[in-house]
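Below: one structure, written as structure tokens.
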Amino acid sequence: MTIQIEGCVNNIVYRNDENGYTVFELAAKDSTDVLTFVGSFSYISEGEYFRLTCQETQHNVYGKQYKVIEAESIEPEDADAMERYLGSGAIKGIGKALAKRIVSVFGDETFRVIEEEPERLADIKGISERMARAISESFYDKRELRNAMMFLQRYGISSNLSVKIYKQYGAGIYEVLRNNPYRLAEEVKGIGFKTADEIALRGGISIDSKYRTRAGILYVLSEAVGLGHTFLPENEFIEMTAKLLDVEPDAIEMPLDSLIMDRKVIPSDMLLTGRRENPNAETGPDDESVLPEKVRCYYLAPYYYMELAVARMLLDLDVKQKVKREKTERSIKEIEESLSVELDPIQRDAIFAAAENGVLILTGGPGTGKTTTINALIRFFEDEGMDILLAAPTGRAAKRITETTGREASTIHRMLQMKGGVEEDETARKDDRHGSFEKNETNPLEADVIIIDEMSMVDIALMHALLRAISQGTRLIMVGDANQLPPVGAGNVLKDIIASGRFTTVRLTKIFRQAAVSDIVVNAHKINNGEEIALDNKSKDFFFLQRENINDIRGLIIALVRDKLPSYVKASSGDIQVLTPMRKGELGVEKMNAVLQEYLNPPAPSKKEKVYGDITFREGDKVMQIKNNYQIEWESRNSRGFLKSSGSGIFNGDCGIIKSINTYADEMEIVFDDDKTVFYPFSGLDELELAYCITVHKSQGSEYPAVVMPLLSGPWQLFNRNLLYTAVTRAKKCVTIVGSRQAVSSMIKNEKEQNRYSGLKVHLEEMV
């Protein structure tokens, strides 16, 4: 049996902003009773008046409650109700005492006066003309927000997204939803094509609308960028777009404009940098003979122009220098004496190449002397009186350079003096944009030599920003392992630059004696060469533990991380990293994190928690930033609490520990590497996830005392040689693989990387 009750929301006991589920107390009209209600509301605040259709229920813990079936927001009709609403704090600047004074003057006319004649409020003691206008504006905004939330509810939009949409468009929301809801996908963070499409189709937008086609194309190309591609070949692009829009391929009309373009034609052999199809298949798109000579490709325009600009700027930087080899020889001997090292011939070649070329690539695997070569290069250029800047893509990588060279290094973002905001031409992906930088072509970096380490991690957008800030005449030395996984962002910069053959590249191949005693280094090179590795556990730093059962694998990993490895590698369990190829699956990131959290940081009365979506965040948890956030502010303090430094920007892959959770302030305090402290509002927790276990891709640029890796089975595209090599080279002291011998062997044999479409190599080859 249903009943109707009217009244004012007295107190919101609990609210889940994700789904709108709310528990609240309501002061019933014409009654002294305060009743408890439960239901889902797109918008609700204390002081709001509702007419509720509900059913009485009995909760086994909380007693009598009313389950809301329908809710209608209504205006308070009498002076008492108006006073209660204004005194609830719903209107900024009005408390209970002031609400009582206002209503005592205007009575039942209160709301009309606030809305239509706000200047009359200034007649009341304590209210200035300025405050009167502010009260009226707040009253109007509150009403508009409530109306908008109710309107958006009809489209099935959640409370959180409704607030974001209203903040973006204000009163213009009605026009946007009626005319072109697909603007939401481009302009509102958190809304993609599928959500916008559902809203549009529910609102009566035609399936063949030009707005829908354009939004679908942008979505397909943006998703491709998210997977690392800078473009899509025409056949894949058309197929994916037609499938998304549920139309015939011939029905797709290309709205080429400032964001979408098809001007680039790529030679077909450039699409064969990786294999997408089943390696056991006899024929397929990977067969070069079935591809035409040229393949038309579709870009988000910013990525085409970034590739073009990167190619041009790199070639312009590569100014050849005339050097006296005898003088360089003497300098090298002095460097060897001062560093107490004997450089091998290839390392010496690297110094000659750096002296003679404006652009140099130095590449090599673990143990091949990259660090020694960098130190020698630094000493060489310092002796020449040159100013040097050192940088890397991540904070951890920059810290490692500082430790191994004794010179200060920074992240590329900090070197470029990131200022937050978004450069208009950087990218069309609204959830992962590169920030704008103080350093650019009009305010370049002041250095004679710039050395960038971990170049395999640098994507096309960051490379574009870096090169814009480098003046001609400055030497650029790029150091990295070309056999590592490609960057998380779009592009394949290091591999494309090397493959173009346009720049001097020095490859370090000799494994030095001190490194050769490490089975981590030896096995990494064997993996890279496609050779089988010994899994006999005779090593001191490379172990394999055979397990075929998922629960056994999980249990052993917990024991290793929590109990056995910390003392072995002299590190805390929090410093030991579990790496996995996958996000999904029983041994993927999501499920492994839940299991590891339970045993490494179990719940306790002293630990506060915050549930966000499917994740429970707990004080003491290890977490990772999963999106670039250029605006979020951080600060670093010393042991006495004094501010050491501050800035903005936390980046995809940065890890930290949850120090505190404040449910009153709705924020979470996290301490990241380098003691950067950030306060996250609960509304921003979609940028975080647990990090007891992370994907190998996310580990790029980092080193850990010990790496533990579950390997049982998975998709061939991920279970490849490249990924295993990258995982092994993340460990400094110990690698432990838990799982199947067959999985390890199959990965070593599988040299077919997942294809990544990138056109930088083509641009470099074509330019003169």
Side-chain angles (χ1 to χ4, degrees), residues 310 314 317-318 335 339 341 343-344 346-382 386 388-413 415 445 447-459 462-463 466-467 470 474-487 491-500 502-512 515 521 524 528 700-703 725-726 729-730:
V310 165
L314 273 174
L317 275 180
D318 195 23
I335 290 167
L339 295 178
V341 298
L343 300 176
D344 82 339
I346 299 179
Q347 290 175 313
R348 296 166 68 90
D349 288 345
I351 297 177
F352 281 112
E356 295 170 348
N357 296 278
V359 174
L360 171 68
I361 298 96
L362 179 66
T363 184
T368 57
K370 289 197 300 294
T371 298
T372 300
T373 308
I374 291 172
N375 278 320
L377 288 168
I378 291 171
R379 181 62 61 90
F380 174 80
F381 286 118
E382 284 180 343
M386 296 185 178
I388 304 169
L389 288 176
L390 302 174
T394 67
R396 285 192 175 189
K399 185 177 181 180
R400 193 165 65 249
I401 301 171
T402 300
E403 293 169 349
T404 56
T405 66
R407 274 78 170 176
E408 183 179 355
S410 70
T411 63
I412 298 173
H413 292 87
M415 182 178 71
L445 293 164
D448 301 303
V449 181
I450 295 173
I451 300 176
I452 306 295
D453 198 9
E454 294 288 354
M455 265 300 299
S456 63
M457 297 182 64
V458 176
D459 62 27
L462 186 56
M463 189 65 179
L466 172 66
L467 291 175
I470 300 179
T474 301
R475 286 178 170 84
L476 175 62
I477 299 173
M478 295 173 279
V479 184
D481 186 346
N483 295 309
Q484 297 279 1
L485 289 169
N492 216 357
V493 174
L494 180 61
K495 286 186 178 180
D496 278 358
I497 292 173
I498 294 173
S500 74
R502 297 297 300 269
F503 307 97
T504 301
T505 300
V506 176
R507 291 178 173 86
L508 302 174
T509 56
K510 177 183 176 181
I511 303 177
F512 285 86
V521 172
N528 192 45
Q700 289 174 265
S702 297
E703 277 189 347
Y725 171 79
T726 301
T729 56
R730 298 306 90 204

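Atoms considered below: every heavy atom in the structure, side chains included; atoms not considered: hydrogens, waters and symmetry mates.
Side-chain contact between T373 and V479 is absent, with no heavy atoms from C-beta onward closer than 4.5 Å. Under the 4.5 Å side-chain criterion, counting only non-hydrogen atoms from C-beta, L390 is in contact with I378. Taking 4.5 Å as the limit, every side-chain heavy atom of L476 sits out of range of all side-chain heavy atoms of L360. The side-chain heavy atoms of M463 and I497, taken from C-beta on, include a pair separated by under 4.5 Å. A 4.5 Å side-chain heavy-atom check between T394 and Q700 finds every atom pair outside the cut-off. A heavy-atom distance below 4.5 Å is found between the side chains of R475 and F381. Contact annotation: the side chain of L467 approaches that of I470 to within less than 4.5 Å [non-hydrogen atoms, C-beta and beyond].
Taking CG of D453 as the start and OG1 of T371 as the end, the distance is 7.0 Å to the nearest 0.5 Å. Residue L317 holds its CG atom at 12.0 Å from CG of N357, rounded to the nearest 0.5 Å. The CD1 atom of I451 lies 8.5 Å from the OG1 atom of T405; values are rounded to the nearest 0.5 Å. The distance from the CD1 atom of I388 to the CD atom of E382 is 4.5 Å, given to the nearest 0.5 Å. Distance check: T474 OG1 to L445 CG gives 8.0 Å after rounding to the nearest 0.5 Å. Here CG of N375 is found 6.5 Å from CG of L339. Values are rounded to the nearest 0.5 Å.
D481 pairs by the side-chain contact (heavy atoms from CB on, under 4.5 Å) definition with P366, N483, Q484, Y725, not counting sequence neighbours. Among residues two or more places apart in sequence or in another chain, the side-chain contact (heavy atoms from CB on, under 4.5 Å) test is passed with A355 by V323, F380. In terms of the salt bridge (charged side-chain N to carboxylate O under 4.0 Å, His left out) criterion, residue partners of R348 (sequence neighbours excluded) are, by chain and number, E329, E336. In this structure T505 satisfies the side-chain contact (heavy atoms from CB on, under 4.5 Å) test together with I361, T363, I498, R507, sequence neighbours excluded. Residues that satisfy the side-chain hydrogen bond (donor to acceptor under 3.5 Å, both in side chains) test with R379, not counting sequence neighbours, are S338. Shown here are the side-chain contact (heavy atoms from CB on, under 4.5 Å) partners of D344, two or more places apart in sequence or in another chain: I346, Q347, K510, F512. Applying the salt bridge (charged side-chain N to carboxylate O under 4.0 Å, His left out) test to R400 and every residue at least two apart in sequence or in another chain returns E454, E703. In this view, D318 and K320 satisfy the salt bridge (charged side-chain N to carboxylate O under 4.0 Å, His left out) rule, not counting sequence neighbours.
Shown here for L494 and S456, the closest heavy-atom pair between the two residues is CD2-N, 3.8 Å. Between A350 and L377, the shortest heavy-atom contact is O-CD2, 3.9 Å. Among all heavy-atom pairs drawn from I477 and A354, the shortest one is CD1-CB, 4.1 Å. Counting all heavy atoms, side chain and backbone alike, M457 lies closest to P393 at CB-CG, 3.8 Å. Of all heavy-atom pairs spanning A391 and I401, the tightest one is O-CD1, 3.8 Å. Listed here is the closest heavy atom pair of T411 and A398: N-CB, 3.9 Å.
Residue pairs meeting the salt bridge (charged side-chain N to carboxylate O under 4.0 Å, His left out) criterion with at least one partner in residues 388-397, sequence neighbours excluded, are R396-D673.
Atom CD of E408 has 12 or fewer heavy atoms from other residues, nucleotides or ligands within 6.0 Å.
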